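So the structure is just underneath, and the comments pick up after that.
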Amino acid sequence: VQLQASGGGLVQTGGSLRLSCVASGRTSSSYAMGWFRQAGGKEREFVAAISLRTDSTYYADSVKGRFTISRDNAKNTIYLQMNSLKPDDTAVYYCAFQYSGIWYQSRGPDVWGQGTLVTVSS
């Protein structure tokens with residue numbers, strides 16, 4: 001499986017961006033995908049995930065109510081709609097993939113995509 005993320009950019013505080021991630025290759029019929037982010041000098045952290053099998057979504061507390069993850073199964077694509085962006089959201093955002101119909105928070109991703117940079121100016 002290969003993951004291709006896009007949609008990052010520069011936005012002002014309070015603005016919005018939408019990230020996309022396309023999965024290609026042997027995705028199988030059951031998988032889950034999500035987003036992580038890593039700010040300068042910090043560890044990579046979980047942002048959001050979505051399960052293909054149940055359509056359940058999961059969010060970090062820091063983004064609940066502002067970010068929305070969604071998917072288009074026909075396109076093997078997930079999206080992260082980010083609203084009310086803050087400077088603290090500035091980070092490289094990474095797409096992630098699990099070979100599981102349900103997202104398991106306790107295990108790491110099986111596949112990482114390349115990052116896309118999101119910069120929120122104050």
Side-chain angles (χ1 to χ4, degrees):
V1 171
Q2 296 80 42
L3 304 176
Q4 181 69 44
S6 61
L10 174 63
V11 64
Q12 292 185 334
T13 297
S16 299
L17 280 176
R18 190 177 81 154
L19 305 183
S20 301
C21 179
V22 181
S24 60
R26 290 178 176 261
T27 58
S28 82
S29 61
S30 182
Y31 60 88
M33 294 177 68
W35 295 94
F36 287 70
R37 67 185 181 185
Q38 187 168 21
K42 296 184 178 181
E43 293 187 354
R44 192 172 298 187
E45 63 176 5
F46 171 78
V47 175
I50 186 164
S51 299
L52 176 68
R53 186 181 300 169
T54 65
D55 211 21
S56 298
T57 55
Y58 312 85
Y59 296 96
D61 288 343
S62 59
V63 306
K64 280 181 182 177
R66 300 188 299 121
F67 290 10
T68 301
I69 190 169
S70 60
R71 60 176 173 80
D72 184 335
N73 292 343
K75 297 181 179 179
N76 288 340
T77 300
I78 62 168
Y79 306 95
L80 186 68
Q81 179 66 44
M82 305 185 295
N83 298 329
S84 302
L85 283 163
K86 309 173 183 179
D88 284 350
D89 296 317
T90 295
V92 177
Y93 284 70
Y94 295 90
C95 183
F97 180 99
Q98 283 186 355
Y99 287 103
S100 169
I102 299 173
W103 180 267
Y104 287 97
Q105 196 71 322
S106 59
R107 58 177 264 202
D110 298 307
V111 181
W112 289 101
Q114 96 291 357
T116 185
L117 177 62
V118 172
T119 303
V120 184
S121 62
S122 57

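Values below: every heavy atom of this structure, side chains too, minus hydrogens, waters and symmetry copies. Note that the structure is predicted; figures quoted are calculated from it, not measured.
- One N or O on the side chain of S30 and one on the backbone of G101 form a donor-acceptor pair closer than 3.5 Å.
- Within the structure, salt bridge (charged side-chain N to carboxylate O under 4.0 Å, His left out) pairs that include any residue of residues 103-116 comprise R107-D110 (at least two apart or interchain).
- Contact between S122 and P87 at its shortest, heavy atoms only, is CB-CG, 3.9 Å.
- The hydrophobic clustering, which links ILVMFWY residues whose side-chain heavy atoms are closer than 4.5 Å, places I102 and V1 apart.
- A centroid separation of 6.0 Å or more is found between the aromatic rings of F67 and Y59.
- Hydrophobic clustering of Ile, Leu, Val, Met, Phe, Trp and Tyr side chains at less than 4.5 Å, counting indirect connections, unites I69 with Y93.
- Separating the OH atom in Y79 from the OG1 atom in T68 is a distance of 14.5 Å, to the nearest 0.5 Å.
- For Q12, the CD atom is loosely surrounded, since the number of other residues' heavy atoms within 6.0 Å does not exceed 12.
- Listed for the T13 side chain is a donor-acceptor partner under 3.5 Å among the backbone atoms of S121.
- One finds a salt bridge joining D61 and K64 here, because a Lys/Arg side-chain nitrogen approaches an Asp/Glu carboxylate oxygen to under 4.0 Å.
- Taking the six-membered ring for Trp and the full ring otherwise, F36 and F46 have centroids separated by under 6.0 Å.
- Following chains of ILVMFWY side-chain contacts shorter than 4.5 Å, one cannot reach F97 starting from V92, and the two form parts of different hydrophobic clusters.
- Using a 4.5 Å cut-off between side-chain heavy atoms of Ile, Leu, Val, Met, Phe, Trp and Tyr, with links allowed through other members, Y99 and L52 fall into the same hydrophobic cluster.
- Between V63 and L80 the shortest side-chain heavy-atom distance does not fall below 4.5 Å.
- Residues M82 and V11 have side chains not in contact (no heavy-atom distance under 4.5 Å, counting atoms from C-beta outward).
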Subject >> Worked check of side-chain contact (heavy atoms from CB on, under 4.5 Å) between W112 and R44 >> reply: CA-CA 12 Å; W112 289 101; R44 192 172 298 187; 3.3 Å; yes
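- Under the 3.5 Å distance criterion, the side-chain polar atoms of T77 are matched with a main-chain donor or acceptor of K75.
- No donor-acceptor pair closer than 3.5 Å links the side chain of T57 to the backbone N or O of I50.
- Of the possible polar contacts, one joining the Q114 side chain to the A5 backbone as a donor-acceptor pair under 3.5 Å is found.
- The side chain to side chain contact (heavy atoms under 4.5 Å, CB included) test with I78 singles out one residue from S70, C95, S20, and that residue is C95.
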**OP:** For the pair C21 and W35, evaluate side-chain contact (heavy atoms from CB on, under 4.5 Å) and give the outcome as yes or no after the intermediate values.
**Re:** CA-CA 9 Å; C21 179; W35 295 94; 3.7 Å; yes
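- Considering OH of Y94 and CD of Q38, their distance stands at 5.5 Å, rounded to 0.5 Å.
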**OP:** Walk me through it: do S51 and Y58 pass the test side-chain contact (heavy atoms from CB on, under 4.5 Å)?
**Re:** CA-CA 9 Å; S51 299; Y58 312 85; 3.4 Å; yes
**OP:** List the steps and the verdict of side-chain contact (heavy atoms from CB on, under 4.5 Å) for R37 and E45.
**Re:** CA-CA 5 Å; R37 67 185 181 185; E45 63 176 5; 2.7 Å; yes
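- Residue M33 is grouped with residue L17 when hydrophobic side chains (ILVMFWY) are merged at heavy-atom distances under 4.5 angstrom, including chains of intermediate members.
- For the atom pair CH2 (W103) and OG1 (T54), the distance works out to 12.5 Å, reported to the nearest 0.5 Å.
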